Protein chains: 2
Amino acid sequence: MRIGDLAEKSGLSTDTLRYYEKIGLMPRPLRDGGGRRVYDAAILRWIDFLDRLKSTGMGIKDRLHYADLRTKGAASLTERRELLEQHRQKVAGDIVRLTEMLDVLDDKIDLYRRMEAGETVDPTFESCARTEHAAPPSKKVPKDEHRPGTRPRADAET
Amino acid sequence: MRIGDLAEKSGLSTDTLRYYEKIGLMPRPLRDGGGRRVYDAAILRWIDFLDRLKSTGMGIKDRLHYADLRTKGAASLTERRELLEQHRQKVAGDIVRLTEMLDVLDDKIDLYRRMEAGETVDPTFESCARTEHAAPPSKKVPKDEHRPGTRPRADAET
DNA sequence: GCTTGACCTGGAGTGCACTCCAACTGGTAG
DNA sequence: CTACCAGTTGGAGTGCACTCCAGGTCAAGC
């Protein structure tokens with residue numbers, strides 16, 4: 001398999017494949033008589049895993065570190081496992097954050113929908129306008145200090 | 001509240017706050033006699049929401065677009081809602097991807113743990129070494145073509 | 001033999017999102 | 001009065017992760 005085929009199969013560009021090789025994310029492939037890269041299909045599994053690491057927020061440095069450990073073989077098993085465990089924690093945390101955001105968005109979308117329907121939305125003061133030239137609104141609402149642990153409700157200000 | 005206080009309360013640096021203002025993510029604040037920025041505490045809610053959008057993967061362009069709509073007031077409600085709904089879909093998709101990755105990682109961590117314990121792990125051929133100078137291994141395993149819908153098992157190659 | 005197209009290399013350029021810096025000013029404490 | 005500190009500006013620099021390009025080589029088809 002040459003670089004063009006691999007690009008097609010992996011979804012990466014030839015430039016990106018060469019770049020990954022240059023920085024050490026991918027092992028240097030064999031070359032044919034003309035000096036062209038020849039790839040084993042097995043590399044696709046590696047590219048796929050790298051891609052998953054990337055798309056779940058692992059930066060290039062850690063991917064490089066992992067790639068480097070991989071070349072060291074069985075001796076690096078523990079270190080690789082630890083790296084993956086760290087990433088696992090990060091991913092788990094991200095899922096929590098995203099799930100919270102889903103709630104925030106749903107609240108806000110709902111609020112907007114109600115406002116679009118002309119419903120009066122309160123007690124949050126509706127102030128989407130810039131405060132720049134406006135006189136500071138004399139707040140009637142005594143400043144909502146919400147109890148700890150309570151997520152602030154969606155507000156129209158944002 | 002001056003920029004230093006806001007930096008402390010928001011967790012952003014003064015440089016970042018000024019940068020956000022420059023690109024239009026944050027409204028231009030009032031100034032005191034000496035030309036220094038004076039912020040209303042309400043801005044914290046906006047910064048917090050911006051931060052959430054960012055940390056859930058919304059790029060600066062979309063955040064800018066949203067910020068711009070916000071300055072337009074009630075007229076932009078529908079557009080804002082649509083933008084948030086788009087982001088909601090993205091976030092929901094991300095959660096799915098991350099959750100899948102959690103499984104992949106758990107499988108792999110488990111595999112590594114078993115390998116560390118000296119367990120023979122098969123049928124995946126253990127080839128962490130670079131193939132560069134090695135003769136292509138004569139594969140005994142007939143190439144695992146897994147059924148569609150079946151997630152490939154964790155492999156020792158990566 | 002010649003053209004075409006895929007490939008090669010090294011290096012420059014891009015976009016995002018800050019981050020840092022120099023040179024200056026304005027308010028306050030000792 | 002002076003030192004200090006927080007703030008001001010415009011602009012340069014950084015790190016990531018590619019992406020593009022010029023100028024060249026090589027193998028295969030007509």
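All figures in this text were calculated on a predicted structure; none of them were measured in a lab. Scope of the values below: all heavy atoms of this structure, side chains included, with no hydrogens, waters or symmetry mates. Numbers restart at 1 for each chain; the letters A, B, ... are given by sequence-line order, proteins then strands.
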**Request:** Look at A:Lys72 together with A:Glu79 and state whether they make a salt bridge at an N to O cut-off of under 4.0 Å.
**Result:** no
**Request:** Mind calculating the distance between CD (B:Glu21) and P (D:dT9) to the nearest angstrom?
**Result:** 7 Å
**Item:** Salt-bridge contact B:Arg113-A:Glu85 (side-chain N to carboxylate O under 4.0 Å)
**Value:** yes
**Request:** Check whether the side chains of A:Thr56 and B:Arg97 place a donor and an acceptor atom closer than 3.5 Å, and report yes or no.
**Result:** no
**Prompt:** Given that A:Arg18 and B:Gly34 both sit by DNA chain C, which one's nearest nucleotide is further toward the 5' end?
**Reply:** A:Arg18
**Request:** Is it possible for you to check whether A:Lys61 lies under 6.0 Å from the centre of the six-membered ring of A:Tyr66, through NZ or CZ, and within 45° of that ring's axis?
**Result:** no
**Request:** Let me know the distance between OH of B:Tyr39 and P of D:dA6, rounded to the nearest Å.
**Result:** 16 Å
**Item:** Donor-acceptor side-chain pairing of B:Arg80 and A:Tyr112 below 3.5 angstrom
**Value:** yes
**Fill in**
Taken to the nearest whole Å, CZ/A:Arg37 to P/D:dT25 is 17 Å
**Message:** What I want to find out is whether B:Lys90 reaches B:Asp94 closely enough, with some N-O distance under 4.0 Å, to be called a salt bridge.
**Reply:** yes
**Prompt:** In whole angstrom, what separates B:Leu17's CG from D:dG7's P?
**Reply:** 10 Å
**Whichever of B:Met58 and A:Arg2 has its nearest DNA chain C nucleotide further upstream toward 5'** = A:Arg2
**Asked** D:dA27 C1' sits how many Å from A:Arg31 CZ, rounded?
**Response** 16 Å
**Message:** Below 4.0 Å from chain B heavy atoms, what is the first contacting nucleotide of DNA chain C and what is the last?
**Reply:** C:dC16 to C:dG27
